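These numbers come from a predicted model, not from an experiment.
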Amino acid sequence: LVKMERGFYPRNVAVIGAARHNQHRWIKAHLPFHENHGQVFHVNINEDEWPGAKALGVQNFRSLLDIPGPVDYVTISVPRKFVPSLIQDCIDKEVSVVHIFSAGFEESGEEEGIRIDREISDKAKRAGLLIIGPNSMGLFNPQIGIRQTEGEYYGETGPFGYISQSGSMAMGISMEANAYDLKMSKCISMGNGMILDVPDYLEYLLQDDDTKVIGMYLEGLRDPRRFFRILQQATKKKPVLIWKVGLTEDAARATEAHTGTSFMKENLWQSLLTRCGAIMIESQGEMIDTAKALHLIPNASGDKVGLYATTGGHSTDMANVFSKNGFKIVPLTESSYDELRSFFNMIGGNYVNPIQQAPPEHFERIVKILSQDENLDLVALEVPAQRLASDEGFFEDRIRIFKEAQANSSKPIVAVMSTGYPRLDPVAEESMHKRFTHEGIPAFPSFLSAAKALGKVIEYYTLKDYTDI
């Protein structure tokens with residue numbers, strides 16, 4: 001763990017093999033680190049590639065061993081046949097962590113790829129060198145600007161730690177989560193797990209103080225027994241969300257070709273996750289919604305939900321979606337109904353649960369009634385997305401109402417964006433979600449996403465109570 005920490009917080013970084021054909025991508029990825037923290041060095045025996053690195057303000061060397069001072073994190077981006085000798089240089093340089101971007105090793109199934117893979121693995125194991133990959137995008141630590149691509153943000157950190165066996169999925173979720181103001185603590189694109197495997201990264205994120213919620217994108221497991229043992233320990237301290245693909249025989253052929261991992265039936269996988277207290281996730285959107293909800297909702301128990309919808313049609317849809325996802329839409333207390341009767345206009349609306357079509361000036365009173373109702377465990381309120389986007393004063397007032405309700409109630413109180421045509425501009429939608437998250441208000445883009453995420457939150461806290469016994 002100490003060595004892995006050096007990878008996330010290196011003193012200096014080296015990129016081996018930056019070139020014009022790859023647009024010097026790894027130098028560009030780590031430039032924020034170079035400009036604000038340590039140094040990035042470029043290693044390439046082809047001096048024709050040096051000017052590109054120099055133009056980025058990075059020093060060039062023919063060998064890693066020529067670099068003065070320590071290098072803790074190295075990215076290797078060269079053809080596979082050159083990697084074993086470079087690994088020996090990393091060992092001689094006393095590098096802590098090596099990220100191998102290059103592909104074509106054991107996962108290729110080719111005799112030469114397998115031979116080189118074993119040669120590298122044997123060298124690294126004897127020397128205690130940590131290797132991320134091969135066929136991976138490496139580490140993302142936004143706090144100091146160690147990145148997987150120059151498109152990722154830097155200078156900020158957050159509660160969400162992520163482990164991915166896919167590089168594109170790692171980069172994709174880091175950028176999409178950021179669009180909803182869910183910041184990463186650390187993100188690992190682990191590739192084929194030659195040396196460091198899923199349990200190693202899980203152990204690291206478990207002890208990482210910045211990480212409050214752990215997510216994973218998995219194609220398969222090399223050491224299931226160790227994984228589930230550490231997972232059971234992890235869920236006692238932090239929520240762990242797992243998006244597992246390859247759960248059918250057809251899909252498993254794709255995962256085996258990509259990362260060389262084997263098939264596990266879905267019912268067995270689900271039962272093992274439940275036993276360990278982890279939460280099964282089925283999409284990237286669900287991962288982000290659930291991680292955000294777990295970060296913003298410190299506790300949740302019970303499935304009795306109070307609903308408010310902006311139209312009659314939306315109220316029936318909302319009730320249907322929440323009911324099908326395991327929630328109970330129960331009658332309110334008589335005192336709540338008495339208060340609703342005192343002001344509610346029955347023409348065009350009603351005040352059964354879900355409450356529907358109240359004039360906007362009564363929204364605050366309805367929120368207060370639902371948030372204080374003793375029959376309810378949580379409250380979900382539809383807000384008109386188009387008006388939020390076009391009326392800043394209206395948006396600010398809704399933020400105020402939600403925050404005051406949260407301050408005066410222990411129940412989770414969440415916002416659900418109204419859906420339908422015309423669709424909201426994606427930039428405006430992201431801006432609204434960022435604002436809600438920044439204010440500590442869980443907000444969701446649809447009834448279904450809200451119901452699924454809230455269901456996962458309740459599942460986590462229920463399982464935690466069970467596994468803590």
Side-chain angles (χ1 to χ4, degrees), residues 1-19 22-47 49-78 82-83 85-102 120 123-124 127-134 136-150 152-157 184-190 195-196 201 204 208 210:
L1 293 178
V2 173
K3 277 195 171 183
M4 202 182 300
E5 185 85 348
R6 275 292 187 197
F8 280 109
Y9 296 96
R11 288 167 291 183
N12 297 301
V13 171
V15 173
I16 302 178
N22 60 32
Q23 291 82 47
H24 300 86
R25 63 169 298 163
W26 291 109
I27 293 177
K28 291 177 180 176
H30 301 323
L31 273 181
F33 172 81
H34 181 69
E35 294 164 351
N36 299 288
H37 296 278
Q39 284 186 277
V40 173
F41 302 107
H42 176 224
V43 175
N44 202 321
I45 58 172
N46 183 1
E47 295 187 16
E49 301 293 355
W50 286 18
K54 185 177 180 181
L56 295 169
V58 170
Q59 233 179 320
N60 292 286
F61 294 90
R62 288 185 60 83
S63 168
L64 181 68
L65 300 177
D66 294 337
I67 297 173
V71 174
D72 296 313
Y73 182 57
V74 172
T75 290
I76 296 177
S77 177
V78 300
F82 300 116
V83 176
S85 63
L86 295 173
I87 290 297
Q88 186 60 53
D89 285 349
C90 291
I91 292 168
D92 294 342
K93 185 66 175 171
E94 298 183 344
V95 171
S96 295
V97 180
V98 175
H99 155 223
I100 302 178
F101 173 66
S102 315
I120 295 168
K123 283 176 180 282
L129 176 67
L130 303 185
I131 293 178
I132 301 167
S136 88
M137 302 301 292
L139 303 179
F140 176 41
N141 181 358
Q143 185 178 13
I144 64 168
I146 296 295
R147 301 185 297 177
Q148 297 156 342
T149 174
E150 63 178 311
E152 290 176 321
Y153 61 96
Y154 62 91
E156 300 176 274
T157 191
M184 290 279 180
S185 57
K186 315 283 190 304
C187 180
I188 302 129
S189 162
M190 60 166 282
I195 298 295
L196 291 171
Y201 299 116
Y204 177 82
D208 180 49
D210 292 333

Task: Check: Gly138 main-chain N/O paired with His99 side-chain donor or acceptor under 3.5 Å - done: yes

Task: Side chains of Leu196 and Ile131 in contact at under 4.5 Å (non-hydrogen atoms) - done: no

- [ ] Just jot down the side-chain contact (heavy atoms from CB on, under 4.5 Å) partners of Pro70, sequence neighbours excluded, or say none.
- [x] Arg11, Asn12

Open item on the list: Distance alone, cut at 3.5 Å: any donor-acceptor contact between the side chains of Gln23 and Lys28?
Closed with: no

TODO: Measure up the Trp26 and His30 rings against each other and bin them: parallel (under 30°), tilted (30 to 60°), perpendicular (over 60°).
DONE: tilted

- [ ] Check whether any side-chain N or O of Lys3 sits under 3.5 Å from a backbone N or O of Gly128 as a donor-acceptor pair, and report yes or no.
- [x] yes

TODO: Indicate yes or no: at least one non-hydrogen side-chain atom of Ser189 is less than 4.5 angstrom from one of Gln148.
DONE: yes

Task: Distance-minimising heavy-atom pair for Val74 and Cys90 - done: CG1-SG, 4.1 Å

Task: Check: Trp50 side chain, Asn44 main-chain N or O, donor-acceptor pair, under 3.5 Å - done: yes

TODO: Just say parallel, tilted or perpendicular for the rings of Phe41 and Phe61, cut-offs at 30° and 60°.
DONE: perpendicular

Open item on the list: Under a 3.5 Å distance rule, please check whether Asn36 uses its side chain to pair with a backbone N or O of Pro32 as donor and acceptor.
Closed with: yes

Open item on the list: When you measure from the side chain of Asp72 to the backbone of Arg6, do you find a donor-acceptor pair of N or O atoms at a distance under 3.5 Å?
Closed with: no

TODO: Measure from the side-chain N and O atoms of Lys93 to the backbone N and O of Ile67, and report whether any donor-acceptor pair falls under 3.5 Å.
DONE: yes

- [ ] Give, for atom OG of Ser85 and atom CG of Leu64, the distance between the pair rounded to the nearest 0.5 Å.
- [x] 11.0 Å

Open item on the list: If the condition is side-chain contact (heavy atoms from CB on, under 4.5 Å), which residues does Val97 pass it with, not counting sequence neighbours?
Closed with: Tyr73, Leu130, Ile132

TODO: Considering non-hydrogen atoms only, spot the tightest contact between Val58 and Val40 and give its length.
DONE: CG1-O, 3.2 Å

Open item on the list: Can you confirm whether the side chains of Tyr154 and Gln143 place a donor and an acceptor under 3.5 Å from each other?
Closed with: no

Task: Main-chain N/O of Glu152 paired to Arg147 side chain as donor or acceptor, under 3.5 Å - done: yes

- [ ] Check whether any side-chain N or O of Ser136 sits under 3.5 Å from a backbone N or O of Phe101 as a donor-acceptor pair, and report yes or no.
- [x] no

